Amino acid sequence: MPVAVPAALSVTRKRQMESRNRGAKPRNDLDELLAELTALRNRVATDGSMVYRAWRSCIERREFRPSAMNFAHYLDLRREDLRPLQRRLMAFGLSSLGRAEGRVLATLDAVTIALCALARKPARKEIRAPLPKKFFRGERILSQNCEVLFGSQEAGRGRILVTLDTQAANDPEFILQLAQKGADALRINCAHDDHDVWSRMVENLRHAERKIGRKIPLLIDIAGPKVRVAEVVTPADNRLRIGDDILLSRDLVPNVGDIAFQVRCEPREILDDVTIGDRVAIDDGKLSGPIIRRTHDGLVARMEKGRLKGVKLKPQKGLNFPGVALKLDPLTPQDLIDLDFVIQNADMVGYSFVQSADHVVQLQRELAARRTDWRKLALVAKIETPQSVHNLPQIIVQTAGRQPLAIMIARGDLGVEIGFTRLAEMQEEILWLCEAAHIPAIWATQVLEGLVTKGLASRGEMTDAAMAGRAECVMLNKGANVMAAVEMLDRLMRRMAEHQVKKTPTLRALHSWSEELTINCRLP
């Protein structure tokens, strides 16, 4: 059964608040802060344990149990706004709650002990100062989980995952060069090429492993359902622009009046889930607009946002319906065929369009039917819809309770689905949840895209790549200049790793400016 969260938590919290309100008023601000922090710590410990017990039957892997407990504590910790408490702690030099993801109770205990010392009061018996080994246990678990999926890394930086193109099948030295430049793991996307091409990629990968003397973990993505343009009808100028209407249909129809643009949607059944007022986005959000009316031929949308020059409307362009819960099976008939290849060759299976714990169960059943030791096969869940974000805790527990897991932040589809203005915020939240569960995160989509495809990265792409180092793994897409991108990303991530680990600055000595700090002031 999929995981669940107890409804009794709100009742427990209400009773705790009533109990606090009945107590004696603290004597001063320090006493009040200590009472509030102690109540928070005890609430998180109690309610988090309740959540963990509800999950317990889903957790078969013993090594995930401490991570699941910390994850439950973190979810409870973040149920309320902690900003006022955090700011008051900062005034006493105690602000580490902002970096508590991997060690929730240990952090709360450490801050409480320090506050007790300031207040000259003994801590309650259940609160003990954590030893360094216990305090940093979450970091060790996350590092171990990362090594299980992506192999060891002596450079002290995150891993680099590279998507292979057809050249990797035709050139035996291509994969070897990628590994020598700094690629830690490789990815095959089943949405492209075929079994013969993939087999040659795997053969060349094994050749590279023998040459360099280490394993190169392989992620194979099953394609999942692809919502896209199947066929088009356009005027001579096939460029769709802001202000144009477009007919979304199950089958192309002639003579649709004054509507010059028409597309046949694939899969056809998606139009059953879409209604007037919903939005459609075309070609990774380059144009978007609302559904304005329904006709007997389909749905009419009016483009109102996007590129000023519009987009050329062609088959195979992607379609998104932001905010619409499309009732699509995450495993297509082709996926089931491809799984036979994946199960024999992959170290990790990438799961597109996973949106719930039920979807995870569905894939795990297919893996179990094909391989008795399927629990050794890692799963990479691609988070690309609002539904998958909403259900992320259940997806994590359902998966990691049975097999190794990584979460891929699929920023392309996710940005279109939730809106570009919310993407930066949401990728941060996903990183926090993954760290709390000690699950590796993969930062994906358009990293150094200009360098990979055109030979030169933009300034914004360099900043994005530097920020990506807070994830355990960064994925590069395929492109003509991918070798240079691997080298660039390797250097960048090594430098950034000296300054910051996750959200925590390491405070390496800075040498970018002169050590001579005296100046001779002169009047202008």
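Not measured: the values here are computed from a predicted model.
No salt bridge links Lys312 with Asp283; every basic N to acidic carboxylate O contact stays at or beyond 4.0 Å. A salt bridge is defined here as a Lys NZ or Arg NE, NH1 or NH2 lying under 4.0 Å from an Asp or Glu carboxylate O, and Lys211 with Glu173 fails to meet this definition. A salt bridge links Arg279 with Glu304: at least one charged nitrogen is closer than 4.0 Å to a carboxylate oxygen. Glu203 and Arg206 are not joined by a salt bridge, as no carboxylate oxygen comes within less than 4.0 angstrom of a charged side-chain nitrogen. Salt-bridge check for Asp244 with Arg239: failed, with every basic side-chain N at 4.0 Å or more from each acidic carboxylate O. Between Arg187 and Asp221 there is a salt bridge, since a side-chain N of the basic residue sits under 4.0 Å from a carboxylate O of the acidic one. A salt bridge does not link Glu101 to Lys502: none of the charged nitrogens lies less than 4.0 Å from a carboxylate oxygen. By the 4.0 Å N-to-carboxylate-O rule, Arg411 lies close enough to Asp464 to be salt-bridged with it.
With rounding to the nearest 0.5 angstrom, the CZ atom of Arg159 is 4.0 Å from the SG atom of Cys146. Distance CD/Glu209 to CZ/Arg214: 8.5 Å, rounded to 0.5 Å. To the nearest 0.5 Å, atom CG of residue Leu299 and atom CD1 of residue Ile246 are 11.5 Å apart. Here the CD-NE2 distance, from Gln398 to His359, works out to 12.5 Å after rounding to the nearest 0.5 Å. A distance of 6.5 Å separates CD1 in Ile430 from CG in Leu392, rounded to the nearest 0.5 Å. Leu476 CG to Thr445 OG1: the interatomic distance, rounded to the nearest 0.5 Å, is 11.5 Å.
Looking at heavy atoms from C-beta onward, Gln362 lies in side-chain contact with Asp329 at the 4.5 angstrom threshold. Glu435 is not listed as a side-chain neighbour of Tyr74, based on a closest heavy-atom distance of 4.5 Å or more. Looking only at side-chain heavy atoms (C-beta outward), Asp338 and Trp198 come within less than 4.5 Å of each other. At least one side-chain heavy atom of Leu247 sits less than 4.5 Å from a side-chain heavy atom of Val300. Using a 4.5 Å heavy-atom threshold, the side chains of Phe71 and Val51 count as separate. Here the side chains of Thr275 and Arg294 are in contact, with some heavy-atom distance below 4.5 Å. Looking at Lys181 and Leu178, their side chains never come closer than 4.5 Å, going by heavy atoms from C-beta outward. Here the side chains of Phe174 and Asp165 are in contact, with some heavy-atom distance below 4.5 Å.
Side chain of Gln177 to main chain of Met483: no donor-acceptor pair is present (N/O by atom type, distance under 3.5 Å, no hydrogens or angles). Within the 3.5 Å criterion, the main-chain N or O of Lys478 finds no donor-acceptor partner in the side chain of Thr163. Formation of a donor-acceptor pair under 3.5 Å by the Arg375 side chain with backbone atoms of Gln403 is not found in this model. The main-chain N or O of Gln167 is never found under 3.5 Å from a side-chain atom of Asp171 such that the two would form a donor-acceptor pair. With hydrogens and angles ignored, the 3.5 Å screen pairs a side-chain donor or acceptor of Thr506 with a backbone N or O of His499. Using a distance-only test at 3.5 Å, with no hydrogens or angles considered, a donor-acceptor pair links the side chain of Asn204 to the main chain of Ala168. At least one donor-acceptor pair under 3.5 Å links the side chain of Glu472 to the backbone N or O of Ala441. Ser249 contributes a side-chain N or O that, together with a main-chain N or O of Val263, makes up a donor-acceptor pair within less than 3.5 Å.
Atom CG of Leu456 has 12 or fewer neighbouring heavy atoms from other residues, nucleotides or ligands inside a 6.0 Å radius. Enclosure of atom CZ in Arg508 by more than 12 non-hydrogen atoms of other residues, nucleotides or ligands within 6.0 angstrom is indicated.
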Using side chain to side chain donor-acceptor pair (under 3.5 Å), reason through Lys382 and Ser352 one step at a time and then give a plain yes or no. CA-CA 5 Å; Lys382 299 172 68 174; Ser352 301; 3.2 Å; yes
Given Leu492 and Leu448, is the side-chain contact (heavy atoms from CB on, under 4.5 Å) satisfied, shown in steps? CA-CA 11 Å; Leu492 181 62; Leu448 295 178; 5.5 Å; no
Val229 and Lys314: side-chain contact (heavy atoms from CB on, under 4.5 Å), yes or no, with the steps? CA-CA 7 Å; Val229 173; Lys314 298 178 180 179; over 6 Å; no
Kindly determine whether Glu428 and Lys503 satisfy salt bridge (charged side-chain N to carboxylate O under 4.0 Å, His left out), including the steps that lead there. CA-CA 10 Å; Glu428 292 299 305; Lys503 292 197 298 182; over 6 Å; no
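Side-chain atoms of Asp193 and Thr166 form a donor-acceptor pair, as typed in the model, at a separation below 3.5 Å. Side-chain contact of Asp196 with Ser199: a donor-acceptor pair under 3.5 Å is absent, judged by distance alone. Side-chain contact annotation: Glu417 with Asn320, donor-acceptor N/O pair under 3.5 Å present.
Residues Ala68 and Trp55 share a closest heavy-atom pair of O-CZ3, 3.4 Å. Closest non-hydrogen pair, Leu252 versus Val232, comes out as CD1-O, 4.3 Å.
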